[in-house]
There are 2 protein chains.
Amino acid sequence: MSAISSLVDHEQVSTSAQPCQAESVSPNLHLKGLLFKYPTLIENADEACWDMLNQAKLMNVPAGTVLFHEAMECKHLMLIVEGQVRVYKDSSEGREVTLYRVAPGQLCVHNLNNLVNGLAYPIMAQTETDMQGLVIPRPIFHKTLEDSASFRTYVLRTLTERLSHMVDLVSGFAFDRLDLRIACWLNHEFEIGCGKPIKITHSELAQELGTTREMVSRILKEFEHKRCVQLARGKIHLQCRHTLKLASQGKGKK
Amino acid sequence: MSAISSLVDHEQVSTSAQPCQAESVSPNLHLKGLLFKYPTLIENADEACWDMLNQAKLMNVPAGTVLFHEAMECKHLMLIVEGQVRVYKDSSEGREVTLYRVAPGQLCVHNLNNLVNGLAYPIMAQTETDMQGLVIPRPIFHKTLEDSASFRTYVLRTLTERLSHMVDLVSGFAFDRLDLRIACWLNHEFEIGCGKPIKITHSELAQELGTTREMVSRILKEFEHKRCVQLARGKIHLQCRHTLKLASQGKGKK
DNA sequence: AAATTTCTGTAACTTAGGTTACATAGTGCA
DNA sequence: TGCACTATGTAACCTAAGTTACAGAAATTT
């Protein structure tokens with residue numbers, strides 16, 4: 001509660017109702033460039049879908065902006081062109097868990113939820129980087145849902161995929177030890193980063209996984225002793241992919 | 001793995017591919033009777049939606065049937081008319097968590113996921129009671145998604161609602177103590193049952209919440225001492241709604 | 001009625017995770 | 001160079017949750 005209001009007070013907030021720096025996107029060509037990260041949406045897009053995209057406005061949002069929170073209503077759908085958004089839930093004791101991230105090519109399903117059901121949901125979304133997005137007003141979103149088969153497919157896919165992802169989250173919390181969850185997270189990050197060092201602080205990682213900084217420090221240090229990783233200020237270097245894989249499979253419990 | 005295959009071996013399994021006892025539903029009137037628990041679907045149903053429903057086949061499934069598991073592919077969408085299905089995830093150590101239940105009026109979103117994305121997902125669904133459902137073949141489901149605005153709305157609503165529910169699950173695991181989670185669960189059950197005793201064993205409740213029987217026994221006994229509930233074999237009686245509410249709000253920590 | 005199975009109670013113990021409370025080490029910059 | 005700030009390390013302690021290992025009660029079957 002206090003965490004939320006302090007954020008809202010002290011940081012730049014753009015309610016979806018008042019997009020800042022919105023401008024029309026003119027030619028189709030330009031659109032295709034902006035949306036090249038949405039291949040599943042674009043490649044099969046039908047006319048109705050293009051209609052919607054042509055009516056979208058481009059909007060710039062600085063890093064750290066709260067896009068929605070608590071009981072906020074969404075008046076727009078946002079397609080992210082550049083940058084990324086973190087969607088998370090915070091606890092009354094000041095801890096956090098990341099639920100998922102929205103990157104170019106993806107939709108914020110809670111944004112969708114809000115648009116479809118008209119229900120706000122007590123969760124937060126905040127830009128992690130400067131962001132550029134295409135803003136689609138609610139009525140146009142609904143109309144396109146009616147008219148465009150391709151858009152529909154895209155929306156449905158996104159929703160069901162997120163759902164599976166949420167099941168993974170639940171089962172991690174329910175069954176896996178924290179060291180396992182950290183190892184898996186590292187593994188995944190190293191995989192998509194091709195082994196490049198991960199830039200994150202221990203307390204950020206704690207907020208990612210819904211735990212505390214001290215626990216993360218403790219477990220990362222263990223991993224360093226096992227020579228999976230090497231720690232530096234604000235960075236985690238991969239030392240041995242194999243050892244980390246083992247740790248992430250729950251083996252080598254020590 | 002072994003848990004799954006043993007279930008599959010020893011219990012009655014109906015792959016969605018071979019519905020047992022399927023029969024055509026003839027007149028519209030009959031359909032309306034069957035689907036009276038689907039008001040949101042029925043009341044606004046357009047012609048395309050009725051078309052689909054008219055092509056559905058009625059199917060009876062006995063209690064304890066595994067509807068899908070692991071990497072099983074769904075060839076049908078199932079609208080539950082009578083009875084209920086439990087969708088859950090099991091751990092390698094033999095524990096379980098219930099993800100959600102599907103009752104008349106609802107859809108199994110993982111069934112949807114499978115139909116939409118063609119991806120199977122390692123999670124289980126099993127009938128808890130004898131069940132009667134309307135089976136809709138995959139191609140007809142897809143066609144109706146194209147043609148029926150009302151069906152689409154219904155599907156989207158269901159999906160986004162489940163998603164919110166999953167967030168609650170995650171945040172419970174991430175932030176709430178087990179006693180809190182049990183208290184909330186009891187509260188909810190007493191609410192929908194209007195205070196009637198809940199029929200459940202401790203180990204079933206453990207599987208519900210992803211914990212162990214001993215923990216549930218211990219915490220329920222605590223609640224009995226606090227005079228929230230009264231325990232009997234296979235049953236939990238509500239003693240004082242107020243005290244339980246307090247416990248479920250994390251107050252009266254003892 | 002006796003035997004068997006299922007359910008519950010509970011004590012003793014272990015372990016994972018969280019908390020408190022510092023110390024120390026980098027980083028940026030005045 | 002020194003100061004402030006942020007990030008990390010770590011020990012001691014606490015508590016929630018899980019585990020082991022029973023005993024006994026209630027239901028069900030033979």
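In what follows, every chain begins at residue 1, and chains take the letters A, B, ... in the order their sequences are listed. The figures here come from the full heavy-atom set of this structure, side chains too, leaving out hydrogens, waters and symmetry mates.
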Check the distance between C:dG26's P and A:R233's CZ and give it to me in whole angstrom.
9 Å
What I want to find out is whether A:K245 reaches A:E191 closely enough, with some N-O distance under 4.0 Å, to be called a salt bridge.
yes
5′-ward residue of the pair A:S217/A:A174 relative to DNA chain D
A:S217
In whole Å, I'd like the distance from the CE atom of B:M215 to the P atom of D:dA21.
19 Å
Charged N to carboxylate O under 4.0 angstrom, A:E208 versus A:R101?
yes
What is the distance, rounded to the nearest whole Å, between atom NE2 of B:H237 and atom P of C:dT8?
12 Å
Among C:dT19, D:dA17, D:dG9, find the nucleotide with the atom closest to the side chain of A:T212.
C:dT19
Could you give the NE2-to-P distance, from B:H225 to C:dT10, as a whole number of Å?
6 Å
Would you check if the distance from the ring center of B:H237 to the ring center of B:F190 is below 6.0 Å?
no
Measure CD/A:E93 against C1'/C:dG18 and give the value in whole Å, please.
11 Å
If only side-chain N and O atoms of A:H202 are considered, is one of them under 4.0 Å from the OP1 or OP2 phosphate oxygen of D:dT6?
no
Ring centres under 6.0 Å, that's the criterion: do B:Y121 and B:H69 meet it?
no
For B:I219 and C:dG9, what is the distance between atoms CD1 and P respectively, to the nearest whole Å?
13 Å
Any donor-acceptor pair under 3.5 Å between the side chain of A:R177 and the base of D:dG18?
no
Could you please name the option among C:dT20, D:dT19, C:dG17 that lies closest to any side-chain atom of A:E214?
C:dT20
How close or far is atom P of D:dT8 from atom CD of A:Q230, stated in whole angstroms?
14 Å
Please figure out whether A:S203 or B:R95 has its closest DNA chain D nucleotide nearer the 5' end.
A:S203
Per nearest nucleotide of DNA chain C, the residue lying toward the 5' end, A:D176 or A:R213, is A:D176
Rounded interatomic separation in angstrom, taking NZ from B:K221 and P from C:dT10:
5 Å
Exactly one candidate in B:T129, B:T127, B:T98 meets side chain to side chain contact (heavy atoms under 4.5 Å, CB included) with B:R86; the answer is B:T98
Over all strands shown, is A:A206 touching base, sugar-phosphate only, or nothing at heavy-atom distances under 4.0 angstrom?
nothing
